[in-house]
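Everything on this sheet refers to the single structure shown next.
From a predicted model like this one, the values you see are computed outputs, not experimental measurements.
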Amino acid sequence: MNADTFNALCVPVSLPWKQALTVMDDTAQGVLLAVDPQGRLLRTITDGDLRRAVLGDVAANKTLADLPGREPLVADENVTPAQLQERMNALSIQHVPVVDAAGRPIDLVSARELASRIWLSSPHLGEEESVFVEEAFRTNWIAPLGPHVDGFEKELAAHVGMGHAAAVSSGTAAIHLGLLLLGVKPGDTVFCSSLTFVGSANPINYCGARSVFIDSEPQTWNMSPQALARAFEWAQRENRLPRCVVIVNLYGQNADMDALLPICEQYGVPVLEDAAESLGAKYKGRASGSFGHLSIYSFNGNKIITTSGGGMLVSNDAALMARARKLSTQAREPAPHYEHVETGFNYRMSNVLAGIGRGQLKVLEDRVRARRRVFERYREALAGRGDIAWQPEGEGQYATRWLTCFALTGGDPADRSARRDRLLHALERHAVEARPVWKPMHMQPLFAGTPYFEHAPGEDVSRALFEAGVCLPSGSNMSDADLERVIDLLLRALDRDQADRGRAAA
């Protein structure tokens, strides 16, 4: 429901009931909100109320105030969808008005909305996947490994222009193996992007290594070359150069590899490229995930393509990939019995899930185009607003827009996290899932006291993006109607935020 429709629903309680019939028909919401001269909600008028007035031959000059009714059931701004659903079910009603502290209606939530939740990024499966899965069942290749695993590895490696791939159980497992393959041992230092999901950093702990977190830069929201350079200078002085650098490609866009890789090469430190969120993206014509000595992808259920759960290691180093496969299958030695001389892991992908991945890979380009269309529709609908800034698409970049993200601007920076939370709650009230930008690793209690290098002294870009950043529903299977529903709610929430800031400044 857009702002014009909501405003049209708020009618004076002195309105003649027959005129209200026309408004009810024009707005087509099945309910009106009758307010007093101060804008306070006095009662809700349903189509049933007006139908009974017609059948009861109520005089035409009677107003909404004259109709039989009771004090309206309302909710405050902090109500959750579950609470609203419970109230609607208990009273067999279809709408609940939301009022502010003064009793003025500010929102209207319908049962229809609550029954059709819009997810941030839901799995998008088609017809191709079932062919491969049915083949796995028909040939009884259900357990880990099998022809679909082999096929998925070869097809994905070819798609991203890498020589070799190893399919594993998750993106996090891929990072863990990647660190081990690059020689990370207990006590070693590993540099890692701070603005990321914890799955990028937890494997550093698995290895017993020590993290150092690197800030983002404003141009792409990815690792800051300036911060990385200062971190290396510090590490050299401290005699703790990193064993490797984990560079994360955030929200479907590659980091600025032309600036980052030379810094790592200067110190002879390899890069593990975390492309979990950026499969399908390109950087100056090359596939995201093709820049690291080792790179990883994730096929979690919310990613641009999914195997329900899974990941992939890729590299041009055949020996490393052979070792990855060994470690991921419990490090079994080539013997007729089960022989083990080192610790391994149960990290391999199953043949069934690899079949899903092969089908998904066939539609990857379609999924990228669909997500970019979602982003363009958001940008078009919110064009000209001075209170948001979209995640920029860096020079030479082709982002997938895995998630459409923006940061709130304007007003006091200290208020932005509260503004962000109010906006998220306004969407959640209507069963629309949106989230903050990742909380940076250097702000996580798990990594308290870990060294961190800002983009520039006194300029913590990652923290600012977390405090002001919003990720919008971005699924490639979003219907046009769902997209417009999110846009209407988002515009209303931003308009209210703007009005609240205007009143506070007056």
Side-chain angles (χ1 to χ4, degrees), residues 170-180 182-218 220-251 255 260 263-264 267 269-277 292 294 296 298 300 311 405 407 417 420 435-469 471:
S170 69
T172 304
I175 293 174
H176 184 202
L177 288 175
L179 294 173
L180 294 174
L182 293 176
V184 175
K185 301 183 297 297
D188 283 345
T189 293
V190 175
F191 289 178
C192 181
S193 302
S194 185
L195 189 61
T196 185
F197 175 57
V198 73
S200 302
N202 268 338
I204 301 172
N205 284 355
Y206 302 167
C207 296
R210 300 177 295 173
S211 300
V212 172
F213 293 119
I214 312 298
D215 197 5
S216 294
E217 43 86 14
T220 65
W221 297 11
N222 284 307
M223 185 179 282
S224 162
Q226 296 97 306
L228 180 64
R230 291 203 317 279
F232 265 114
E233 292 165 2
W234 164 83
Q236 191 169 52
R237 290 194 304 271
E238 296 291 319
N239 194 30
R240 54 178 295 190
L241 284 173
R243 182 70 62 176
C244 74
V245 178
V246 180
I247 299 178
V248 180
N249 301 325
L250 196 68
Y251 296 128
L260 295 167
I263 300 171
C264 299
Y267 292 90
V269 175
V271 167
L272 195 165
E273 185 180 1
D274 180 350
E277 301 175 7
L294 283 167
I296 72 96
S298 171
N300 189 39
C405 307
S417 60
R420 174 207 65 197
R435 292 183 185 173
V437 166
W438 296 123
K439 183 175 183 179
M441 293 300 100
H442 74 279
M443 296 177 65
Q444 298 284 355
L446 174 63
F447 295 106
T450 299
Y452 171 63
F453 289 85
E454 297 177 327
H455 173 63
E459 186 181 358
D460 190 338
V461 173
S462 296
R463 178 185 291 269
L465 288 172
F466 166 64
E467 291 173 346
C471 303

Check your understanding: Would you say the side-chain atoms of Asn249 and Glu273 include a donor-acceptor pair closer than 3.5 Å?
Key -> yes
Check your understanding: Do we see a donor-acceptor contact under 3.5 Å between the side chains of Gln444 and Trp438?
Key ->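 Note: Gln444 and Trp438 side chains miss the donor-acceptor criterion.
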In Å, rounded to the nearest 0.5 Å, how long is the span from [atom1] of [X] to [atom2] of [Y]?
{"X": "Ser216", "Y": "Leu250", "atom1": "OG", "atom2": "CG", "result": "6.5 Å"}
{"X": "Asp215", "Y": "Asn222", "atom1": "CG", "atom2": "CG", "result": "11.5 Å"}
{"X": "Ile296", "Y": "Ser200", "atom1": "CD1", "atom2": "OG", "result": "7.0 Å"}
{"X": "Ile175", "Y": "Leu294", "atom1": "CD1", "atom2": "CG", "result": "11.5 Å"}
{"X": "Ile214", "Y": "Leu260", "atom1": "CD1", "atom2": "CG", "result": "10.0 Å"}
{"X": "Ile247", "Y": "Leu228", "atom1": "CD1", "atom2": "CG", "result": "6.5 Å"}

Return yes if some donor-acceptor pair links the side-chain N/O of [X] with the main-chain N/O of [Y] below 3.5 Å, else return no.
{"X": "Ser417", "Y": "Glu467", "value": "no"}
{"X": "Asp274", "Y": "Val248", "value": "no"}
{"X": "Ser193", "Y": "Thr196", "value": "no"}
{"X": "Arg230", "Y": "Glu454", "value": "yes"}
{"X": "Glu217", "Y": "Ser224", "value": "no"}
{"X": "Ser462", "Y": "Pro440", "value": "no"}

Practice item. Could you list the residues that satisfy ring-ring contact (aromatic ring centres under 6.0 Å, His included) with Phe466, not counting sequence neighbours? Key: none
Check your understanding: For His442, what residues pass the ring-ring contact (aromatic ring centres under 6.0 Å, His included) criterion, not counting sequence neighbours?
Key -> Tyr452
Point to revise | Parallel, tilted or perpendicular: rings of Tyr206 and His176 (30°, 60°) | key: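 The arrangement is perpendicular - the two ring planes meet at more than 60°.
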Validation row: [X], [Y] side chains within 4.5 angstrom (heavy atoms):
{"X": "Met441", "Y": "Val198", "value": "yes"}
{"X": "Met223", "Y": "Val245", "value": "yes"}
{"X": "Gln236", "Y": "Leu241", "value": "yes"}
{"X": "Ile204", "Y": "Cys192", "value": "yes"}

Check your understanding: What closest approach, in Å, do Thr450 and Phe447 show between heavy atoms, and which atom pair accounts for it?
Key -> OG1-O, 2.7 Å
Review point. Where do Pro225 and Ile263 come nearest, in terms of heavy atoms and distance?
Key: O-CD1, 3.5 Å
Check your understanding: Are the aromatic ring centres of Phe453 and Phe213 under 6.0 angstrom apart?
Key -> no
Can you list the residues that meet the side chain to side chain donor-acceptor pair (under 3.5 Å) rule with [X], with sequence neighbours excluded?
{"X": "Arg435", "value": "Glu433"}
{"X": "Thr189", "value": "Arg240"}
{"X": "Arg243", "value": "Asp188"}
{"X": "Ser211", "value": "none"}

Point to revise | Identified side chain to side chain contact (heavy atoms under 4.5 Å, CB included) counterpart of Val190 within the set Val212, Val246, Val269 | key: Val246
